[in-house]
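Just so you know, ligand 1 is whichever comes first in the structure, and atom 1 is the first atom listed for that ligand. The residues of the chain are indexed from 1 along the displayed sequence. The structure presented is a predicted model; accordingly, all values stated were derived computationally and were not measured.
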Amino acid sequence: MLKLGVLASGGGSNLQAIIDEIAAKKLDAEIRVVISNKTDAYALTRAKNHGIPTRVITKEAFPVKDAFDAQICRALKESGVELVVLAGYMRLLSPAVIRAFPQRMMNIHPSLLPSFSGLHVQQKALEYGVKFSGATVHFVDEGLDTGPIIIQAVVPVLDSDTVESLSKRILAEEHRIYPEAIRLFIEDRLTVEGRRVFIKDPAVRAIKEAKK
Ligand code: GAR
């Protein structure tokens with residue numbers, strides 16, 4: 001059973017999607033800790049509702065970024081986390097934390113990367129006039145939303161869309177592809193070559209396993 005650590009700053013609907021998949025026994029994982037940089041993040045309530053341990057690490061308590069990130073790293077290690085899942089975590093992590101979990105940290109982002117990295121991306125997509133947007137799950141590297149892409153989902157941008165309606169349509173796809181990416185990781189079906197992430201066919205994997 002894979003031990004997950006989730007970092008979240010906000011509502012935690014992606015966290016909830018992962019909790020639900022675990023509860024439905026569709027993900028062979030256990031969330032060991034939910035960490036937030038916001039004391040009032042609803043993600044913390046969602047975790048508590050499911051008996052998941054929580055930690056709050058704020059920049060008010062740790063104003064020096066290195067000390068803040070050291071706390072995050074320590075909390076993840078203390079909880080025995082094997083895969084770090086950034087689920088609406090709205091703060092850049094320092095290289096030291098990222099290097100502590102090489103190709104064992106994923107992020108979800110509400111656009112089709114590399115278009116529209118950073119913040120307010122649904123608004124940027126609308127303003128740019130793209131006809132399609134979507135969601136991206138990627139491994140985290142030291143850049144801003146630049147890591148190797150695991151899964152993307154596409155949604156249309158409608159003439160009638162507002163930031164809210166587009167965000168809602170994208171979020172529904174996020175809830176589908178984030179658990180899927182974690183499932184592929186658990187099944188050891190992801191291989192990274194440079195920027196590219198290849199998804200092994202389960203049948204091919206079974207043959208290779210049988211030959212071992
Ligand atoms: C999601 O749309 C996620 O993709 C985005 O924040 C939202 C969190 O929603 N993350 C980023 O923009 C990270 N750059 P949630 O708290 O309901 O899961």
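The closest approach between any non-hydrogen atom of Pro110 and ligand 1 is below 4.0 Å. Residue contacts with ligand 1 do not include Gln16, since none of its heavy atoms lies under 4.0 Å from the ligand. Put simply, no part of Ala43 is less than 4.0 Å from ligand 1, judged by heavy atoms.
Below 3.5 Å of separation, one finds no N or O of Leu171 facing any N or O of ligand 1. Of the N or O atoms in Glu174, one or more lie within a sub-3.5 Å distance of an N or O in ligand 1. For the pair Asn14 and ligand 1, the shortest N or O to N or O distance falls below 3.5 Å.
Nearest to atom 8 (C) of ligand 1 among the protein's heavy atoms is Gly88 CA, 3.6 Å. At the top of the distance list for atom 16 (O) of ligand 1, counting protein heavy atoms only, stands Gly12 N, 2.7 Å. Of all protein heavy atoms, the one lying nearest to atom 14 (N) of ligand 1 is His109 ND1, 3.4 Å. Here the heavy atom of the protein found nearest to atom 15 (P) of ligand 1 is Ser13 N, 3.4 Å. Atom 10 (N) of ligand 1 has as its closest protein heavy atom Ile108 O, 3.7 Å.
Contacts classified as salt bridge (Lys or Arg N to Asp or Glu O under 4.0 Å) and involving residues 94-114 (residues at least two apart or in different chains) are given here: Arg99-Glu142.
Numbered from 1 in the order shown, with element, the atoms of ligand 1 that lie under 4.0 Å from a heavy atom of Gly11 read 16 (O).
Smallest separation of non-hydrogen atoms from Ile22 and Ala29: CG2-O, 3.2 Å. The minimum heavy-atom distance linking Leu144 with Gly118 is given by the pair CD2-CA, 4.0 Å.
Using a cut-off of 4.0 Å between Lys/Arg side-chain N and Asp/Glu carboxylate O, Glu180 and Arg183 are scored as salt-bridged.
In this structure, Glu21 and Tyr178 have side chains that are not in contact, with every pair of non-hydrogen atoms separated by 4.5 Å or more. Taking the side chain as every heavy atom from C-beta outward, Ile72 and Leu7 approach each other to under 4.5 Å.
Residue contacts with ligand 1, taken as heavy atom pairs separated by less than 4.0 Å, do not involve Leu119 at all.
Few gaps surround NZ on Lys65; more than 12 heavy atoms of other groups in view lie less than 6.0 Å from it. Around NZ of Lys59, the count of heavy atoms belonging to other residues, nucleotides or ligands within 6.0 Å does not exceed 12.
Residue Val34 is grouped with residue Ile18 when hydrophobic side chains (ILVMFWY) are merged at heavy-atom distances under 4.5 angstrom, including chains of intermediate members.
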